Amino acid sequence: MAVLRFTIACLCLIFLGGVLFILPGTAAMADPIVIEHERGTVTLDQPAKRVAVTNWAFAETLIALGLDPVAIADPADYRDWVAKPELPDDFIDLGQRGSPNMEALRKAKPDLILISQELEMAYENLSTVAPVMMLSVYDDGNVAFDAATDMLRKVARAIGREDAGAAYLRKVDAQLGEYGNRVRDILGPDGALTVASFYSEANIAVFGAPSLYGSVLVRMNVPLAYQGDVSKWGFARGGLEILAPLAKSTLVYTNPIPDVIHKKVWSSPIWKVMDFVRNNRVYGLPVVWAYGGVPSGLRFAKLLTESLESGPVR
């Protein structure tokens, strides 16, 4: 009996010792993830696996990192305006980006919700569903691509994919360098780009250095012609006269442009006398989102390069 009691005591000591040995490692594994954002900090007990997104920059960023969002706002318009990367087959539609459907959000059962400052007034209400992280790429003083890069890093940390995020950004840097070389070869040593969107003959957006397009061109080491004041979204607005001081540059415009607007602009006498029109330096881009994250920035660089290499519009 004494031998049995001794054996049991020894086994207990061995078990307790094993537990004490394991506990430090277990505690390290269970350290919470704490991330600073625009409303303070968000704390996650473990990497988020079910993430709801309220704008397209977050959607494309998550997909680029290899995690499909469980809930997405305005998915139909995403397909028209962002296009790539493609959305997953299975997710919950949150409705409008400016007012996501709370019932649909609860149904998605997210463990993290991503918002930008446009939804700050809903922060407390959204926080009743899951932890909320607020990160804004587009704000006064922000350089869009730099802010998008910072956002990607924080999202990667929140979902436990920091290594994947770092590898993706290294790939992006390498590709932007390659695209920059190709674009400069076409523009020549004194060439510069103007990037514009046509909403009507009297409403044209010209993108500046803080915009996604402008800040990507900086990363590509490609000169941007417009250096004036811009809105928090990175563009200035005006009629065709806003393009006149930039006519010596090469013009790249974004699509889609409604046919009626295209006809009015292209038939305008002011348009026809501009140097980039008379000398065939006007190029059109396929659909690319001007207010996205790093994936949209990379898509812009790729499509810009391919469009310039394919030749001007006629």
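Since the structure is predicted, the reported quantities are computational estimates derived from the model, not experimental observations. Computed from heavy atoms alone, side chains included, the values below leave out hydrogens, waters and symmetry copies.
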- Query: Within the side chain of S307, is there an N or O that forms a donor-acceptor pair under 3.5 Å with the backbone of G284?
  - Reply: yes
- Query: Hey, does the side chain of S136 reach the backbone of Y138 with a donor-acceptor pair shorter than 3.5 angstrom?
  - Reply: no
- Query: Mind checking whether F207 and V143 sit in one hydrophobic cluster, side chains of I, L, V, M, F, W, Y counted as touching below 4.5 Å?
  - Reply: no
- Query: Out of curiosity, I72 CD1 to D93 CG, how far, rounded to the nearest 0.5 Å?
  - Reply: 8.5 Å
- Item | Residue from V222, L217, V195, V216 passing side-chain contact (heavy atoms from CB on, under 4.5 Å) with L304 | L217
- Under 3.5 Å, side chain of R157 to main-chain N/O of V34, donor-acceptor pair present? yes
- Salt bridge present between D68 and R50 (N-O < 4.0 angstrom): no
- Message: Between T305 and M220, is there a side-chain heavy-atom distance shorter than 4.5 Å?
- Response: yes
- Are any of the side-chain heavy atoms of R39 and E120 separated by less than 4.5 Å? yes
- Message: Between K107 and E103, does any side-chain N to carboxylate O distance fall below 4.0 Å?
- Response: no
- Give the minimum heavy-atom separation between S116 and T54, together with the two atoms involved. N-OG1, 4.4 Å
- Item | R184 side, atom CZ; Y179 side, atom OH - distance, nearest 0.5 Å | 14.5 Å
- Message: Looking at every heavy atom in both F91 and P69, which two are closest together, and how far apart are they?
- Response: CB-O, 3.7 Å
- Message: Looking at every non-hydrogen atom in both residues, tell me the closest pair between L65 and A164 and how far apart they are.
- Response: CD2-C, 4.4 Å
- Item | R153 and E36: CA distance, side-chain angles, deciding distance, salt bridge (charged side-chain N to carboxylate O under 4.0 Å, His left out) verdict | CA-CA 12 Å; R153 289 194 180 104; E36 291 186 4; over 6 Å; no
- Query: Does M102 sit in a hydrophobic cluster with other residues, and if so which ones, taking ILVMFWY side chains as linked at heavy-atom separations under 4.5 Å, directly or through other members?
  - Reply: L94, L105, I113, I115, L119, Y123, L126, V129, V132, M134
- Message: Donor-acceptor check, side chain of N255 to backbone of L285, threshold 3.5 angstrom: yes or no?
- Response: yes
- Item | Non-hydrogen side-chain atoms of S296 and E60 separated by less than 4.5 Å | yes
- Task: Verify, without hydrogens or angle tests, whether N142 (side chain) and A147 (backbone) share a donor-acceptor contact under 3.5 angstrom.
- Result: no
- Item | Approximate separation, where rounding is to 0.5 Å, of F58 CZ and M151 CE | 5.0 Å
- Task: For E309 and I186, run side-chain contact (heavy atoms from CB on, under 4.5 Å): C-alpha distance rounded to whole Å, both residues' side-chain angles, the deciding distance at 0.1 Å, then the answer.
- Result: CA-CA 7 Å; E309 290 176 342; I186 295 168; 3.4 Å; yes
- Item | Residue pairs fulfilling ring pair (Phe, Tyr, Trp, His ring centres under 6.0 Å) with at least one residue in residues 292-314, sequence neighbours excluded | Y213-F300
- Measure the shortest side-chain to side-chain distance between R237 and Y199 over non-hydrogen atoms and say whether it is less than 4.5 angstrom. yes
- Task: Taking only Lys NZ, Arg NE, NH1 and NH2, and the carboxylate oxygens of Asp or Glu, determine whether E38 and K154 approach each other closer than 4.0 Å.
- Result: no
- Query: Shared ILVMFWY cluster between V252 and Y291, side chains joined below 4.5 angstrom?
  - Reply: yes
- Message: Between V294 and L169, does the side-chain contact (heavy atoms from CB on, under 4.5 Å) criterion hold? Intermediate values first, please.
- Response: CA-CA 8 Å; V294 173; L169 290 175; 4.2 Å; yes
- Is there side-chain contact between W233 and P210, with heavy atoms separated by less than 4.5 Å? no
- Message: Using 0.5 Å steps for rounding, measure from the CG atom of L187 to the CZ atom of R182.
- Response: 13.0 Å
- Message: Quick check against the 3.5 Å criterion: does N101 have a side-chain atom that pairs as donor or acceptor with the backbone of G95?
- Response: no
- Residue pair D173 / R219, side-chain heavy-atom distance below 4.5 Å: yes
- Just wondering, are more than 12 heavy atoms of other shown residues or ligands nearer than 6.0 Å to CD in Q46? no
- Does any non-hydrogen side-chain atom of D139 lie less than 4.5 Å from one of Q117? yes
- Task: Flag this pair as yes if the NZ/CZ of R97 is under 6.0 angstrom from the six-membered ring centre of W56 and inside a 45 degree cone about the axis; otherwise no.
- Result: yes
- Note on the structure: Between S249 and the options D275, T194, L193, L224, the side-chain contact (heavy atoms from CB on, under 4.5 Å) test singles out T194
- Salt-bridge present (E201, K263; N to O < 4.0 Å): no
- Task: Any chance you could measure F145, atom CZ, to L176, atom CG, to the nearest 0.5 Å?
- Result: 5.0 Å
- Query: Which ILVMFWY residues can you reach from F276 by hopping between side chains whose heavy atoms are under 4.5 Å apart?
  - Reply: F198, I204, V206, Y226, V230, L240, I242, L243, L246, L251, Y253, I257, V260, I261, V265, W266, I270, W271, M274, V277, V282, V313
- Task: Would you mind reporting whether P312 and Y283 have side-chain heavy atoms less than 4.5 Å apart?
- Result: yes
- Message: Please say yes or no: joined through hydrophobic side-chain contacts below 4.5 Å, possibly via intermediate residues, are I35 and V53 part of one cluster?
- Response: yes
- Task: Could you check R79 against D74 for salt bridge (charged side-chain N to carboxylate O under 4.0 Å, His left out), going step by step and ending with a plain yes or no?
- Result: CA-CA 9 Å; R79 295 184 180 99; D74 275 335; over 6 Å; no
- Message: Working to the nearest 0.5 angstrom, can you tell me the gap between I33 CD1 and T41 OG1?
- Response: 13.0 Å
- Message: If you compare all heavy atoms of I63 against all heavy atoms of E86, which two are closest, and at what distance to 0.1 Å?
- Response: CD1-O, 3.7 Å
- Query: Taking all atoms of both residues into account, what is the closest heavy-atom pair of S211 and G208, and its distance?
  - Reply: OG-O, 2.6 Å
- Message: Can you confirm whether K171 is buried at NZ, in the sense that more than 12 heavy atoms of other residues, nucleotides or ligands lie under 6.0 Å from that atom?
- Response: no
- Item | Nearest heavy-atom neighbours spanning A130 and P110 | CB-O, 3.3 Å
